[in-house]
Amino acid sequence: MKFTKRAVALVLSLVMVASLSAVLASADYSFVKNGKELEVADGVVHTPYTITSDYNGKTSVDAHALTFNPDDGYMPIVFSAYAGWCSTLGKQYEQATGSRYGYDVVAIINGSYFSMADGTLVGITISDSRVACAHVGWSGDLVTFGSDGSIRVVRSQLDYKLYINGKQIPNSLYYINKVSGESSVGDKFYYWDGACGSKADSKVAGYEILCNKTGYTDLMVGTTLKGEVVSVTADTYGGAIGDDQFILYCKADSPYADYVKDLNAGDSINISVDETVEESKDVMRTCVSAITNVGWLVRDGVDLTDTESTIGSHSVTLAARWTAFGTKPDGTFVLFTTDGAGTGSEPNVTLSDVAQAMIDLGCNNVFRLDGGGSSAMYVCNTGEGEAGFLQSSSRAVADTIMIVKRSSLAVSTETAQALADKIAEAEAAYAENPEESLKTAIDAAKAIADTETSVESEYAHAIVNLDTAMSGKRALEELAAVVGSISFRDYSEYALEGLRNAYADALGVIGDKNASADDIEAAYQNLLYWYNLSGDRLINIAHGKDYTYSTAPNGGYPDTNNSELTDGEFADPDNGFAPGWVGLNGKTSYDVVIDLGEVCDGLSKFNSNFLQITSWGISPPSQVTYYVSDDGNEWTGVGTVKGNELEIDYKKENGAYNFALTLDTPVSGRYVKATINKYGTFIFVSEIEVFSAEKTIDYGAYLSGFNQKIAADICSIFTPSFGTITGENANPNWTCNIWLKWSDEIGAYVITKKAQGNGSFADYTLAEDEIMIAMHHYTEASDENNAVALAAKVGQVLRTSGINVAERTTDLAPFFWFEDYVPEHDRNKGDVNGNGTIDAADYLMTKRMFLGTFTPDAEQKWAADVDDNGSVNATDYLMIKRHFLGTYDIYAK
């Protein structure tokens, strides 16, 4: 009996488990093959699937997987038929396989996100090693592809520099092959070349400068595009672009128009582009193509949709059509698309479903591309020998990922020979002057020439790199690229000013085709010096400053260019003949006076460097006394350093000695004098330094540019030249928007209104004396900007550093801040008549003011209002009178 009950119970249990399993199975995700495989090309296989989602009530849609391996002669490449515009996949295929490009295309899928309003790509695209579409200042993640099929994901922020006839025009370039609407063309330069088609996408009449690309150069990361002006046309747009040409454009009323309107045929326009993220440089300089606005779905075998609620800006449970690509551990690529209904509707699948399907296909790394109505797959052979859709879409898209036969990007005989000739030229230059940067470029070029998978654009890249390395400018260009992306908050006000000057000088040398090796080295060392002065620190503010001697140096040991004592280079202590040692003799004491250029506060350390070679009669001084002065006439001694206190053995020891004086209480002055008292026959001095304690800038907000459409973390100043500001053309919908009006009385812009965007923006046309600052806050990079925006108040004034609002231009690391307006006065409190002292006339004038028998001007009223309560009263009169009589001190209150 017990056995029977137990058996029945077991049967019931099994039935319940089976029933539960059936319920679970009916709700679970599934991914099954639903048709025959199609070999689109040799080794490229399409397989149809049905993917079932357990989200939104178990929906099923068709899916398409295309697999290939780069080892079979294929490579992925990012492509846009008309950069800056949208085209259907059919049109993309037609252009890619046509005579202009001649690619042997096997398949195409849609690529990145783009604006549905105007078709503009959100991020950037690199195609065939060239920056095909971008806007300057963009930063984010890129997926890069190599010619061997390799794939890398890096963080990128490219830096662009524009040179016109060798002169660098800072922060002047904006769009690369992107279209702008007629109402949203900014002040900066726009660039278009053949990637956008056969004519420029300019929409507003302005200056169009047509240039030829020369010497295998192009907009390739890590190189400089060299252009030669063909023609300059005014009041035009949509100009024709030929092969190996580009157009540089600006509006007629742009502040940059003056740089180009008088150019002539044969003038030069160069554009350099390089990666500023140090760990990404090697990848960005060598990739053949790159695509942005992608998101990881699976990384190193881990399904990120299990732990992340969103991938990019999309929920992992969003029901939609999707496009993705992934790689297997053996290097095989998988392109994947799903069919379905409208986003959020049924039937559809989720990003989680896509991630699981790609894992089922063997992928250990998977990336999401654009989805919705953009999802489509187009191939060269749908089974009947004709090109067409395997998953169709009528939507035009901004860019694509194509699979091409590598042989269609093969290197031409002409380019191969050009690289071989350039390598030989570089090797000869290296034999004469063995610079490490040149050796690196030679080795890289040889590696490209020796690699079977290398393509034409990589050869061109190598040729340009060798040219740059032979010019000696590579190190300077790389350092300038790093400096170009610094934050003002990493430097003190003094260091930032010096860095800006050094940066401008360096860019001038880079753009000067006639710059000598000495010019390049000097610019590099100067820029490096200032770049290294980051953080809170003592800074030698005498560096590079002018000075005079009371007695000229000995003719045998002169001061070259009268600069060696403040050039920052200490002479070799083991070599009395080394450059940098300046010899003084014939007097018992010598004065060196340094002009700091302006009165400087916080002078806290002084130092002089001297040589000792006893057998030559060269000895350090017996003492050095330091003085400061505001005018160079009246001097105040700040301290003396004596040789015996330094325990110098004047008879036996050789070497170099520092006579350093550190003050407990800093002093101020414009002029610093070092009085050097000699000990032996000769004094050899190398450097004289004056240090100030400098703190990094801890206030202000960075500026991205003028009239710049808002994207993540952008801060833009909009001026009347922008035209009507709308939510579409400027996108200040989610920014903190601050309106300011110019005040002639104050001589600055004053905040008149402040509003936080809540998803919309009412159209606004600025008056001629108005500007609007739009500050977007999205990531940690803009936290400080957000703090400045939150603290801003109506009535405060705008202060700037490295920003010229009138000309709409910026310098290195531009920033601004707001502060309460405090008028400057030409007299002190109580000095009502402004004669420099408080006397009987002052309190009598004050008495008449509060009695109403005298009407003061603004300065007189301010001086009489001693208690700062906004009016002149009897209390003010008594305070001034008592101060005059000596029974009260106004300034001690």
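- When the shell of 6.0 Å around NZ of Lys829 is examined, it contains more than 12 heavy atoms from other residues, nucleotides or ligands.
- Under a cut-off of 6.0 angstrom, the local environment of NZ in Lys741 is crowded, with over 12 non-hydrogen atoms contributed by other residues, nucleotides or ligands.
- With hydrogens and angles left out, the side-chain atoms of Asn171 and Thr809 include no donor and acceptor closer than 3.5 Å.
- For Tyr249 and Tyr207, the ring centers are positioned 6.0 Å apart or more.
- Distance check, rounded to the nearest 0.5 Å: OG of Ser272 to CG of Leu507 gives 8.0 Å.
- When only modelled atom types and interatomic distance are considered, Thr779 and Asp713 share a side-chain donor-acceptor pair under 3.5 Å.
- By the 6.0 Å contact criterion, CD on Gln157 is enclosed, its count of non-hydrogen atoms from other residues, nucleotides or ligands being greater than 12.
- Side chains of Asp831 and Thr837 form no contact here, defined as non-hydrogen atoms less than 4.5 Å apart.
- Distance CE/Met775 to OH/Tyr702: 8.5 Å, rounded to 0.5 Å.
- Residue Asp769 places its CG atom among more than 12 non-hydrogen atoms of other residues, nucleotides or ligands, all under 6.0 Å distant.
- Remark: Lys178 qualifies as a cation-pi partner of Tyr175 under the 6.0 Å distance and 45° angle criteria applied to the six-membered ring.
- Between Phe884 and Arg882, every side-chain heavy-atom pair lies at or beyond the 4.5 Å cut-off.
- Using cut-offs of 30° and 60° on the angle between ring planes, the pair Phe816 and Phe818 is perpendicular.
- For the residue pair Ser692 / Glu694, a side-chain donor-acceptor distance below 3.5 Å is found, with atom types taken as modelled.
- No more than 12 heavy atoms of other residues, nucleotides or ligands lie within 6.0 Å of NZ in Lys861, so this atom counts as exposed by the packing criterion.
- Aromatic ring orientation, Tyr699 versus Trp817: perpendicular (interplanar angle above 60°, classes split at 30° and 60°).
- Ring pair His543/Trp530 is perpendicular by interplanar angle, where above 60° counts as perpendicular and below 30° as parallel.
- A side-chain donor from one of Asn729 and Thr726 sits under 3.5 Å from a side-chain acceptor of the other.
- Val797 has its side chain within reach of Ile746: a pair of non-hydrogen atoms, C-beta onward, lies under 4.5 Å apart.
- The local environment of OH in Tyr778 is sparse, with at most 12 non-hydrogen atoms from other residues, nucleotides or ligands closer than 6.0 Å.
- Judged purely by distance below 3.5 Å, without hydrogens or angles, the side chains of Trp739 and Asn737 never pair a donor atom with an acceptor atom.
- No more than 12 heavy atoms of other residues, nucleotides or ligands sit less than 6.0 Å from atom CD of Glu493.
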